[in-house]
Structures are given as structure tokens and as C-alpha cells.
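Computed from heavy atoms alone, side chains included, the values below leave out hydrogens, waters and symmetry copies. Note that the numbering runs from 1 along the sequence shown for the chain. Each ligand, and each atom within it, is numbered from 1 in the order the structure gives.
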Amino acid sequence: MTILVTGAAGFIGANFVFDWLAQSPGGQEPILNLDKLTYAGNPETLAPLQGDSRHTFVRGDIGDTALVASLLAKHQPRAVINFAAESHVDRSIHGPEDFIQTNIVGTFRLLDAVHRYWRDLQPEEKSAFRILHVSTDEVYGSLSPDQPAFSESHRYEPNSPYSASKAASDHLVRAWHHTYGLPVLTTNCSNNYGPYHFPEKLIPLMIVNALAGKPLPVYGDGRQVRDWLYVKDHCSAIREVLLHGRVGEVYNIGGWNEKPNIEIVNTVCKLLDELRPKADGSSYNAQISYIKDRPGHDRRYAIDASKLERELGWRPSETFETGIRKTVQWYLSNPEWVARVQSGAYRDWVQTQYAAAGVDA
Ligand code: NAD
Ligand code: DAU
């Protein structure tokens with residue numbers, strides 16, 4: 001049996017592939033990886049799998065109906081996991097179009113192709129089949145400090161082009177279940193961190209800028225709160241939901257780990273001070289630079305992951321302290337990976353996003 005995983009040359013998808021091949025029964029159940037290789041997709045991350053017959057890579061778009069239909073017909077997957085998306089909030093503010101195209105139109109076309117495939121399966125395969133859509137806590141909007149964490153029944157209140165496009169995709173997934181009976185599962189997860197994280201996002205950006213002696217750009221007052229989860233724990237939660245989740249249900253995934261951004265940045269600096277001390281003995285936190293806030297910046301996210309624990313017995317296995325140490329160590333041990341993802345396109349983005357704020361990040 002095969003599973004089709006989309007967007008698995010990106011941060012979470014690639015971690016999922018490694019995790020899956022290490023965990024699946026006998027480590028043998030193969031993965032068909034469909035990824036468009038946007039700026040965020042990095043085939044080099046998957047280089048250790050070259051020659052491994054359990055991983056097949058196809059470069060392509062989830063919105064290419066003919067391609068997806070032919071892959072489904074040829075490989076006959078028993079499940080599809082959809083990671084493919086435009087994922088960066090700041091980019092969605094600068095240019096929402098790609099987000100609408102991939103996250104909404106692409107998800108629609110994927111659902112449509114999967115529905116046609118599933119409809120014609122034999123009864124046994126048909127009832128065992130699942131499509132799992134990977135989504136985000138950002139669809140629920142922003143919490144005030146005293147509000148309870150997001151449960152699965154929290155109202156959808158997306159505030160950025162990114163979160164609005166993910167919210168739309170979640171609604172499509174729900175509709176394909178209710179209208180056509182497609183056996184869907186949806187997960188809404190909080191902020192991930194860990195190896196292979198593209199350095200446009202907070203934690204890897206802080207690590208690579210600190211090491212390069214560049215400013216550490218903190219938006220606004222740095223008191224915005226996110227709920228951080230080590231990426232491997234997200235992968236294990238997805239495996240659990242795929243295996244035991246109830247069809248048509250939504251599962252929130254989070255780390256029970258709310259932290260203000262400035263605390264995250266200070267923790268990264270402290271770890272670097274310990275693991276890669278500066279020659280002059282000063283702390284990396286001297287590089288922190290407060291800059292103009294993100295437009296429409298959500299103040300606080302927090303996930304109530306108790307349904308996942310209650311129904312499937314899942315809890316994260318890393319604490320933030322163990323996960324962030326592993327992450328910083330990974331970046332220190334993999335300077336070639338970092339150097340290569342900081343290509344021309346990456347430099348253009350950094351110029352667009354941070355030069356306007358007067359920061360040479
Ligand atoms: P990422 O940006 O690192 O990777 C996205 C991948 O999707 C890339 O490899 C890219 O090439 C591919 N892709 C983009 N458009 C495509 C298309 N049209 N067809 C096929 N492939 C395409 O993103 P990530 O951080 O790994 O996030 C993966 C998923 O998890 C996304 O759906 C995101 O919304 C969701 N999510 C992310 C986080 C997080 O903290 N990073 C948290 C919760 C949910
Ligand atoms: O909550 C889940 C979401 O987490 C995912 O759905 C998104 O795909 C993922 O990108 C992430 O979104 P955020 O906007 O929360 O992540 P980001 O790393 O971009 O920012 C985290 C916080 O840090 C946020 O409050 C903005 C702030 N920030 C970010 C950057 C890049 C800064 O202060 N400075 C920065 O330079």
C-alpha cells in the first residue's frame with residue numbers, strides 16, 4: 001500500500017516523510033511525494049532518501065487535476081495527506097494571489113480528483129480510504145489574554161490572507177465530506193519548529209541571523225503569543241489521526257506551550273551563547289531589533305488539544321526546553337543546508353520584508 005503525501009519537500013512534510021518511513025509497520029509502506037517545489041520546497045532535504053524505493057518524488061501542482069488523477073490511478077494510494085500550501089503569513093500580506101491559488105483552488109482540485117478516485121474503489125478499499133488535510137490554528141483568529149484556548153468548535157475568524165485561504169480550504173474539505181461522503185480528517189495545528197524549517201519563519205530566522213551577526217527583527221512589542229510544538233510531535237499526531245481518527249472529525253494539535261515571541265528570541269540567544277559563544281563574550285540578544293509590526297498581527301494563539309488526548313491518547317513528547325535545544329543544535333550542525341536555502345530568491349524576500357523597516361536582516 002502507498003500513501004500520497006503532498007507538499008512533502010517543505011518543512012513539516014519532509015519531517016513527516018522521515019518520521020513515517022522510520023515508524024510505519026516494518027518501515028516499508030511507501031510514500032508518493034507530490035510537491036511543486038516552490039521557493040519553500042527543498043529537494044535537498046530529501047536527499048538522504050535517494051535510491052530508497054519507499055520514497056517516490058513527483059514534481060507537480062496539487063491543482064493539476066490530470067496529473068493528480070493519473071498518479072492516483074497508477075499508485076492506488078490507501079490515503080492522501082495534504083501538506084501542500086503557501087504557508088508564510090508575511091508573504092500572504094505582500095502577495096495573496098498564490099495563497100488563493102494553491103490553498104483554495106489547489107485544495108478544491110485535489111479534493112475533486114481524490115473524490116473521483118475514491119468513488120470508484122472497491123467497497124473494502126473505499127471504506128478504508130482516508131484523506132487528511134493539514135491545517136492551522138490561525139483559522140480561529142486571535143485570542144485575548146483571558147480567553148480559553150481554541151477548541152475544535154471555536155468560531156472561524158481568520159485575519160490574514162494566509163489564514164483566510166486555509167479557512168476556505170477547511171470548509172471545502174468539510175463540504176466534500178458532508179456532500180459526497182469523502183472520508184476526510186482535518187487537523188488544525190499550532191506553530192511548529194524543528195529541523196529543516198525555512199529561515200523566513202521566526203525561530204530559524206533568529207538562529208541564522210544571530211550567527212551571521214545580523215539584527216534579530218522582532219515585530220511590534222514582541223509580546224504576541226504563539227503555542228509552539230516540536231515538528232516531530234506534529235508528525236506523530238498526524239499518524240495517530242490517520243490511523244484512529246473518526247471520519248469527518250477535526251482534531252486540534254498543540255504543544256500546551258504558549259510563549260511570547262520575545263521570550264522565544266531570548267531563549268534562542270541564550271542557547272547560542274552557551275553552544276556557540278561570541279568571541280567578545282557578549283550575548284546574541286544585543287542584536288535584537290524591534291521593528292514595525294506585521295499588519296493585522298494576531299495577538300495570541302493557543303490550542304486546546306484535549307480532544308486528541310481523550311480520543312487518541314496523543315500528547316507531545318518534547319518539552320519546549322528539549323525541542324528548542326535540539327533545534328538550535330541542528331542548525332549549528334547543518335550550516336550547508338542553511339547556506340543553500342539562502343539562495344537568490346531568499347535574499348530578494350529578506351530585502352522586501354525587512355529593508356523597508358530599515359533593518360539589514
Ligand atoms: P512549507 O511552506 O515549508 O512547505 C510547503 C510545501 O508545499 C513546499 O514544499 C512547497 O513546494 C509545496 N507546495 C506549495 N504549493 C504547492 C502546490 N500548489 N502543489 C504542490 N506542492 C506545493 O510549509 P510547512 O510549514 O511545512 O506547512 C505545511 C502545512 O502545514 C501547510 O498546509 C501549513 O498551512 C500547515 N501548518 C503549518 C504550521 C507551521 O508552523 N509551519 C502549523 C500548522 C499548520
Ligand atoms: O500558528 C500556525 C502557523 O504558524 C502556521 O499556520 C503558519 O504556516 C506558520 O508560518 C506560523 O505562522 P506565524 O505567523 O505564527 O509564524 P512566523 O514564524 O512567521 O511568526 C511567529 C511570530 O513571530 C509571529 O507573531 C510574528 C513574529 N515574527 C516573525 C518574523 C518572521 C517576528 O517578530 N519577526 C519576524 O521576523
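- Ligand 2 has a nitrogen or oxygen under 3.5 angstrom from a nitrogen or oxygen of T136.
- By the 3.5 Å distance cut-off applied to N or O atoms, S190 is not counted among the residues near ligand 2.
- The shortest N or O to N or O distance between W228 and ligand 2 is not below 3.5 Å.
- Remark: ligand 2 and C189 share no N or O pair separated by less than 3.5 Å (distance only, no angle test).
- Where the criterion is an N or O separation shorter than 3.5 Å, residue side chain and backbone included, D90 fails it with respect to ligand 2.
- Nearest-heavy-atom check against atom 11 (O) of ligand 1 across T6, D35, I62 picks out D35.
- In Y162, the part holding a heavy atom less than 4.0 Å from any atom of ligand 1 is the side chain.
- Closest heavy-atom approach to atom 16 (O) of ligand 2 among the candidates L202, V350, V225, N191: N191.
- Proximity of I12 to V134: side-chain heavy atoms (C-beta onward) are nowhere separated by under 4.5 Å.
- Hydrophobic cluster of W256: no remaining members, since no ILVMFWY side chain lies below 4.5 Å from it.
- In this structure, E200 is part of the shell of residues with a heavy atom less than 4.0 angstrom from ligand 2.
- Looking at ligand 1, you'll find an N or O of K166 within less than 3.5 Å of one of its N or O atoms.
- Chaining together hydrophobic side chains whose heavy atoms lie under 4.5 Å apart places Y162 alongside V89, I93, F99.
- Here atom 20 (O) of ligand 2 lies nearest to R294 when heavy atoms of K201, R294, R91 are compared.
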